[in-house]
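Here the structure is laid out as structure tokens; the discussion comes afterwards.
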Amino acid sequence: MPAVQETIDRVRSIDVDQYKYGFVTEIESDKAPKGLNEDVIRFISEKKGEPEWMLEWRLEAYRRWLTMAEPTWARVSYPQIEFNELYYYSAPKNTPGPKSLDEVDPELLATYEKLGIPLREQEILAGVEPKNRVAVDAVFDSVSVVTTFKEELKKAGVIFCSISEALREHPELVRKYLGSVVPVSDNFYATLNSAVFSDGSFVYVPEGVRCPMELSTYFRINEQNTGQFERTLIIAEKGAYVSYLEGCTAPQRDENQLHAAVVELIAHDDAEIKYSTVQNWYPGDKNGKGGIYNFVTKRGDCRGRNSKISWTQVETGSAITWKYPSCILRGDNSRGEFYSIAVSNGHQQIDSGTKMIHLGKNTSSRIISKGISAGKSENTYRGLVSAHRKATNARNFTQCDSLLIGQDCGAHTVPYMESKNSTAVFEHEATTSKISDDQMFYCQQRGLSEEEAVALIVNGFVKDVIQQLPMEFAVEAQKLISISLEGSVG
Amino acid sequence: MNMETRSLKTSAETELASLFDGAREQLAGSDAVIKLREQAFSAFDERGLPHRRVEEYKYSDVRAKLKSASKLVAAGSNAEAKSALEAVETYGDLERYRIVINNGRLMAELSDIEALKGEGVTVSNLNAALADAQDEADGLLNVPSIAAADPMIMLNTALVLGGAVVSVGEGTEVSRPIEIVYTASTAGARYTRCRIELGKRAQATILESFEDNTAEAEGNAVSDFVIGDEARLTLARVVTGEAVHVSSVLMNIGGSAEVKAIGFNMGTDFARTQSFVTFSGEHSNASLYGITMVREKQHSDHTLVVDHKVPNCESRERFKAVIDDFAEGVFQGKIIVRPHAQKTDGQMMTQALLLSEDASMSNKPELEIFADDVQCAHGATSGQIDEDLLFYLRARGIPEAQAKMLLVLAFLAEAVEEMEDEGIVSALEGRIRNWLSVEE
């Protein structure tokens, strides 16, 4: 059945034409020479004052990258990227390590204010609900500008800083974990990232600590012709808990810009990591001109027993999105979750999904994906669920729904399910009629129609996760979540 | 992710090339056909045998499986074909007409050609048709766009040894099922192709049996169905035996037509059944079912592409797999809904039952949708026999082995019984029973 008017209106209201964050900040910046070669990598590494082994690591990745070919299997099409026409490093001038917020360029602060990102701790403290405090790491083009609430986090033992700072202050931790989930030569863009990554966040939560507040990184691409390559590394020690979220925006420009990030999560015994993304890169104009190419590798490793990693993503921006946040369920009883809402409009192309690799015993995973395509966009869910031979009692439940609005868009589903263990139970469904019969019965018995019941159950379920997002991000997300399941197809 | 460009050919690929060169004299066809064969072979040669880097063959690596390519099988005599036929038992004593294809060639004397003529069905030799074929081989070797890139079909076009053209006249209702039996009396590769045409308002039941009882036989078969407006086709296929078998079903469905089809992959060392179904006329519906039964180190692959080109069509797909020992099962299904194919209703389900620790199943149910007013859904499950059900039966005094058998039978029967035709259902269920009792 076709989508209802209310849904259509809501999707329109987040149309590409109405991109609110398309402004440019006039700020002087420091750039690496255009193009990519070993000298540029040395330049980046030197700028960051990195140890020798890190430079070697980058150079090795670069040499590997030269031998690799761009992947073509995703259902996206775009003109060849000229990797030598990009700037691989761009930083606002005078920023190497401002001691306090007062030293930060006011132009920059104004930018973040405009974006609604709180960088001043006191402002947040004066907020109505002090419980909703969020520690923010703001990344502007290639560098981290400021990280808030550092002191308070330090008291709890949590390390939250930019990755370049971590390289200086906690090199042993970075060296131990960097590249242990996404190996250097994992794929074309991950390898490129390994060679040139400029900044990103580093989080370390020690044993038994529950991180006292939400951690968040806000990525902003400002400069023209630059690529943003951030690297995020999150480690939760035994019994630790952390919730992290990222947001992204970019100015409106005519040419395409490249964003190739790598995110690695490591959860030890009994640890839990929640990673949420609200991705709102500039999607290009209504004719498909400009926009960000978002080619991201995100992977979490449930290394310990009873560990849990949960990915939540709300994807509304980018001209092209190519990302598959995955979970490697290595520890026994570990659990992976993936909740995704991907909205495409205009000429956007999304090829996104997840991988759940069951290796340990009694592992479970759940995938809920909703894709909404409108305009002339293409929206693909591509996911893999696999159970290794030793993954006794692995469980997976997958549900992906997609909704098409208009005649010129496409919605595609490409799930892969590979079971090598007879005790593994995989269920994949894409119909709205088979969500837990008990719940349906309960709702319908109380007078709700079938459709209302379905919407209530699914929305209630997803909302549970979305409500954990801090206010700044929740608004956009809520808007999308409230889109009903009406008219959805497999 | 690092794609190496492959310059070296495997020995099977080199052998195929010399096979094609050597066989030119022997292969039937007019100049137009020879041209098509050459084009197909060079297209195949460019791609090579499909392997796991080829998305459509991700789980069925033909290149790794086919270490060497067998010589083309020589024609068998009538007597040889007859004794090969005696070993075939797919449909027991179901009353039916038979068309016999042994070693890749139509055996006219063993086939009920005259009786079929009386019913309004003409059966002719594919090779005779190819010898007279004009431009583009009169469409005899046509391949739909969704199958155009398939290397195994290219290979079939290049090397096809023979087959039949079966044509059911307009408005004809055939009173008995027509069985096309493919047998092998000597070892060697068999490239066969049958074209089955149903005229407007025609009704027919076709049974295809691939019984390869020679261990080294390789089979590559194409069955090309052209279904006219308002026609009704019931189709049951059984692929069994010891060989490496790739069979492709091409189906073009006209308007207001109805198709019900089931395919069995059982007991074959390496079997891939790939179906390419195109809806070309509105208000048609197709129900497609598939059964996989494998054990030991067998491999079975059901691949399906359904192309909804026009609005208002309905497709139902239901695939069931039972996998034992070290065997592997594969299901790949894709429903395509083209732009403006509104009101399409497509539902795809795949379920697998793993009976042993080392059995494996790979499922890939895909949807590709370009129209907004459609209903499409797919589901996939895989797991082992439900302990509760087993307990229930055992509590009633049924021994474990038998209880398991009952549950497997019930699981598969869900798909088989959809065929409705009693004779076919009971014959197919007999095959399942036979397979299960071997398991003891």
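Since we're looking at a predicted model, the values are computed, not measured. Order of the sequence lines fixes the chain letters, A, B, ..., with proteins taken first and strands second; residue numbering starts at 1 for each chain.
When heavy atoms are compared at a cutoff of 4.5 Å, Ser382(B) approaches chain A by way of both its backbone and its side chain. Only the side chain of Tyr59(B) comes within less than 4.5 Å of a heavy atom in chain A; its backbone stays farther off. Using a 4.5 Å cut-off between heavy atoms, Arg382(A) does not touch chain B at all. Glu55(B) touches chain A through its side chain: at least one heavy atom from C-beta onward sits under 4.5 Å away, while N, CA, C and O do not. Interface remark: Gln351(B) contributes no atoms to any contact with chain A (heavy atom separation under 4.5 Å).
Side-chain atoms of Glu368(B) and His412(A) form no donor-acceptor pair, as typed in the model, at a separation below 3.5 Å. Using a 3.5 Å distance cut-off with no hydrogens or angles, the side chains of Ser364(A) and Asn362(A) do not pair a donor with an acceptor. No hydrogens or angles considered: a donor-acceptor pair under 3.5 Å links the side chains of Thr350(B) and Asn363(B).
Ring-plane geometry between Trp65(A) and Phe188(A) is classed as tilted, the angle between the planes lying from 30 to 60 degrees on a 0 to 90 degree scale.
Per-residue heavy-atom pair counts under 4.5 Å with chain B were compared for Gly410(A), Ala424(A), Pro415(A), and the maximum is reached by Pro415(A). Counting heavy-atom pairs closer than 4.5 Å to chain B, the top residue among Lys420(A), Met417(A), Glu427(A) is Met417(A). Put simply, of Pro339(B), Gly346(B), Pro365(B), Ala359(B), the one with the most heavy-atom pairs under 4.5 Å next to chain A is Pro365(B).
Phe295(A) has its ring centre no less than 6.0 Å from the ring centre of Phe229(A).
Qualifying side chain to side chain donor-acceptor pair (under 3.5 Å) partners for Ser377(A), counting only residues two or more places apart in sequence or in other chains: Ser344(A).
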